[in-house]
Student: 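This is the structure, below, for whatever I ask next.
All chains are named by letter (A, B, ...) in the order of the sequence lines, taking the proteins before the strands, and each is independently numbered beginning at 1.
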Amino acid sequence: MLEEVAVTVDGTPVALEAELTDSLLRALRDAGRTQVTGGCEQGECGSCSVQLDGVLVASCLVPAVVCSGAEVRTAPGLLGDDLAEAFARRGAVQCGFCTPGIVVAAESVLARAKDEGHALTPPEVREALAGNLCRCTGYEGIVAAVVEVSERRASVVPGSGA
Amino acid sequence: MTTLDAPPTVEGAGLVGRSVARPDVPPKLDGSFEFSNDLSVPGMVFGATVRSPVARGVLRSVDTAPALAMPGVLAAFTVDDVPGDRWIGHIVRDQPVLADGEVRHHGEPIAFVVATSQAQAWRAADAVVVDIEPLEPVTDPEVALAEGAPALHPDGNVYRRLELRRGDLTERAPVEVHGTWETGRQDQAFLGPESALAVPDADGGVTVHAATQDLHLDREQVAAALGLPEELVRVRLAGVGGAFGGREDVTCQAHLAMAARALGRPVKTTYRRDESFLAHPQRHPSRYRYTIGADADGTLRYVRARVVLDGGAYASTSGPVLGSACYFAAGPYRVPAVEVVGEAVRTNNPVAGAMRGFGAVQACFGIESTLDLLAAELLIDPVELRRRNALRPGDVFPTSGQPFDATVDVVGLLDRCLALPLPDPDEVPMPAEGDPYAFPGGTGRTSTGEGVRRGVGVALGIKNHLYGSGMAEWSLASVRISAAGAVVRTAATEVGQGLTSALVQVAGDALGGMPVRVATADSEAGYAGSSSASRQTWMASGAVLSACRRAVEELALVVARRHAVDPADVGLADGRVVVAGRPLELADALGPEVVDAGGRYDAPRTHPGDPTTGQGDVHVSWMAVAHRAVVDVDTELGVAKVVQVATAQDVGRAVNPREVRGQITGGISQGVGLALTEHLDAPGGLVANGSFTDYLIPTAADMPEVVADVVEPGDPQGPLGLRGAGEPPSLSSTAAVAAALRAATGRPVTRVPARPQDLIAP
């Protein structure tokens, strides 16, 4: 039995179709939202990370049918130009399978740090991203990029136009 | 045909050697990059694999009727439906496309079911009734070798036996040490599970879109299984979510192609993570028994090693992995007498095959660990022992007798590695309220930290790049230049390592800076061999350079004709065509014309090695690396944290320094994993930890600081002077961590990954 689940994905209304047992990950991918990748489907690898109503979740662990009316944000909806530039320059991407999930997790912790008014330290970034496995890079470029962007965003005074 | 007296002048764009942007990164960042499991075509249906629940047994029957009775289920295939050769395999065809009479490992494919959705295909696969009479599995390779062991396969239980002998093996040194070492079954654990799509073609053939390392090896095996000529099977690269050796073997490709042709519809499948752990060959578990003889001053006199690799149920790449496991068993050292006897053995364990380092990782752990025993016996500093014995110009390679490449400075790498800064602070941090990640065990630590001890270990690694051992090795590429720029075509696969961007750099320089795009790799582009053995940037660059040189000559002729100048007056610079001193945009110089040129690169020839002693020029050249690891071990809990890994690595020439650094940090993370956590456990042949919950790869919180010195002496044989860079980071990082664990704990650490019980201080 397929149920229709209306959500928005990065601001665009999307009608998901899901069985009761389908995860949000599966429903998003079945609806062509393949920017969300699935590496383990048991909440361990973090590839499928999305923001669900502003909360970072592993979409493989969320039943799709409970998401009716939810706002889903994925990598293309969250990725800042500064983070994209830093990821590319620092070598944060090799095969890229984990990347959209890491973008979501990184933008989530960056937003939290900005709200709290501080820049992230490398250990904080490592802790925040410990739920996102990457097999290619050894994480060095990823962590460096997130720290760098956090420092830059923290130094921007709100309203200064900088 | 007109020819040129001299090649046209091309001013390079300075791309090789620079950390240029990778063209694949923007689509990977926003998720628009299409991985194999993202592929979708109209009318597509889905497959699922029925797998053996036992490690060994007689397959009495397969009843697909319950599956076929389910709604949406279109077909079910067993071995009787295989139209061509029932046996395929990477090198030796010893592996059934679908189980035939006997199952030999947990997870072996028995049937393939196709349905209108992936979920229904999985349910249907569960509904297939398989009747297996279990047999006692043979899970210890030494038992499989023993007299009277059951033959596990018509081909027998030994994949390959290799004996390497050099020098006077009768002498006896004043000092002898003995060590026995074991390594675990490491999984490549790429993040993107196996997935592919097969589409039937109008000519009776099939196109397989696969995430693979070698399009032509896939094509050869799919064609054999289908009973089709190879021309009717096309393999196109689909986006690869990591490889590391784990995509060298065919998994779902033949099943999909068979189903697509039978049904006349596109068929796709995606493995689940637990299936992925069962489906691809892992790194060979190994046992090395060493005897090293030396003089009292530490000068090595002989190395004897007995090597046993657990090859699991099918051959895969066991033969060449054994070659690597034996040829690198004496490390990068000057040893006058060597005897290595190795066997790769069939068992009912998971299939073993290629993984980054390909046998040399195991060899490195063995020789480096035994050298540390010798250093302890002689009370010589382990570093000094290595410096004293390292290969120098004029030496021969210890296991093959081949003259050693004088440009590889082993002692220099050791010194440069040791010159790198130690971690700051350079001692165990005080237990405090501070960062829990600073201590072994992280936030889960239950001790107060008094028992934390620091250890430092050093190891050297060596391996060949390219196939070697007498294999003919070549690569083809083509270039098409039109007004829009150049398109490079090759079957060389981008598996995440950055090949595409390297080829853009190589072609960009060879074509005077004109815009270059690399087309999706396709078997129709001609043979390229695999992205493995740290070979593909070398091989594909050679082919692309050759194609570019011919394309430039052809372009000069076309432009000269169009502009009525002498071809000698046409050159390329700054992305423009220089015509009699006048720089023209490509579109103006070429008009509507198109230039096509093909190129070929042949690797330097090697020798298969003497059949009785293994001696000969078996390798093209070598990659050497030094690693120093600093670890903190909580010796009460037996938990360890790798604090820092320092490395000096000879890459010949870094085509893209940022991407070389990425290979170094990524390879070290896999080395750290093998040292401390990564072992696919298979008691009784049954995989027990095939999930990311139970098979632990390093996270961002586990990874140490990496300090690296990238050494670029230039390889005299390689195109552009580059050497392979992918495998060395994994060669000796594991051995260095193990040495550091010993230094911290005083325990022997004879096995990797080291378990907590191996690290509790006496």
Student: Ignoring hydrogens, what is the shortest heavy-atom contact between A:Arg135 and B:Phe244? Give both atom names and the distance.
Tutor: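 Smallest interatomic distance, heavy atoms only, reads CG-CE1, 3.4 Å.
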Student: Just list the side-chain donor-acceptor pairs under 3.5 Å for residues 25-32 of chain B, sequence neighbours left out, or say none.
Tutor:
unit_1, atom_1, unit_2, atom_2, d
B:Lys28, NZ, A:Gln94, O, 2.7
B:Lys28, NZ, A:Cys95, O, 3.1
B:Lys28, NZ, B:Asp24, OD2, 2.8
B:Asp30, OD1, B:Ser32, N, 2.9
B:Asp30, OD1, B:Ser32, OG, 2.7

Student: Side chain, backbone, both or neither: which part of B:Thr693 has an atom under 4.5 Å from a heavy atom of chain A?
Tutor: both
Student: Can you tell me which of B:Gly666, B:Ala701, B:Ala700, B:Ala119 forms the most heavy-atom pairs within a distance under 4.5 Å of chain A?
Tutor: B:Ala700
Student: Is the closest side-chain heavy-atom distance between A:Val93 and B:Arg22 below 4.5 Å?
Tutor: no
Student: Is B:Ile668 in contact with chain A via its backbone, its side chain, both, or neither, using a 4.5 Å heavy-atom distance?
Tutor: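 When you check distances to chain A, no heavy atom of B:Ile668 falls under 4.5 Å.
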Student: Quick check: closest heavy atoms across A:Gly138 and B:Ser669, and the distance to 0.1 Å?
Tutor: CA-CB, 3.9 Å
Student: Which region of B:Ser691, side chain (C-beta onward) or backbone (N, CA, C, O), has a non-hydrogen atom less than 4.5 Å from a non-hydrogen atom of chain A, or is it both or neither?
Tutor: both
Student: Rounded at 0.5 Å granularity, tell me how far OG1 in A:Thr37 sits from CG in B:Asp38.
Tutor: 8.0 Å
Student: Take atom CG in A:Asp81; do more than 12 heavy atoms of anything else shown fall under 6.0 Å from it?
Tutor: no
Student: Excluding sequence neighbours, so at least two apart, what forms salt bridge (Lys or Arg N to Asp or Glu O under 4.0 Å) with A:Arg73?
Tutor: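 Listed in chain order: A:Glu71.
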Student: Heavy atoms only, distances under 4.5 angstrom: which of B:Ser19, B:Ala189, B:Ala243 has the most pairs with chain A? Name it, please.
Tutor: B:Ala189
Student: For B:Ala21, which atoms come within 4.5 Å of any heavy atom of chain A: side chain, backbone, both, or neither?
Tutor: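 Neither part.
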Student: Can you tell me which portion of B:Arg272 sits under 4.5 Å from chain A's heavy atoms? Options are side chain, backbone, both or neither.
Tutor: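 It is neither, since no heavy atom gets under 4.5 Å.
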Student: Using heavy atoms and a sub-4.5 Å threshold, report which of residues 40-54 of chain A line up against chain B, by residue number.
Tutor: A:Cys40, A:Gln42, A:Glu44, A:Cys45, A:Ser47
Student: So which part of B:Val240 gets closer than 4.5 Å to some heavy atom of chain A, the side chain, the backbone, both or neither?
Tutor: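 Answer is backbone: N, CA, C or O of B:Val240 sit under 4.5 Å from chain A.
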Student: Please classify the contact between A:Tyr139 and chain B as side chain, backbone, both or neither, with a heavy-atom cut-off of under 4.5 Å.
Tutor: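 For A:Tyr139, the contact with chain B is made by the side chain alone.
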Student: Give, for atom CD of A:Glu140 and atom CD of B:Glu705, the distance between the pair rounded to the nearest 0.5 Å.
Tutor: 9.0 Å
Student: Who wins among B:Gln497, B:Met703, B:Glu494 for the most heavy-atom pairs under 4.5 Å with chain A?
Tutor: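 Most pairs with chain A among the choices: B:Met703.
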Student: Contact part of B:Gln188 toward chain A, heavy-atom cut-off under 4.5 Å: side chain, backbone, both or neither?
Tutor: backbone
Student: Show the nearest heavy-atom pair for residues A:Gly39 and B:Pro193, with the distance to one decimal.
Tutor: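 Scanning both residues, the minimum pair turns out to be O-CG, 3.9 Å.
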Student: For chain B, which residues from residues 15-32 of chain A have at least one heavy atom closer than 4.5 Å to it?
Tutor: A:Glu19, A:Arg26, A:Arg29
Student: Below 4.5 Å from any heavy atom of chain B, which atoms of A:Leu79 appear? Answer side chain, backbone, both or neither.
Tutor: side chain
Student: How close do A:Phe97 and B:Asn37 get, heavy atom to heavy atom, and via which atoms?
Tutor: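 Where A:Phe97 meets B:Asn37 most closely, the heavy atoms are CE1-OD1, 4.0 Å.
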Student: Among B:Pro729, B:Gly673, B:Gly662, single out the residue with the greatest number of heavy-atom pairs under 4.5 Å to chain A.
Tutor: B:Gly662
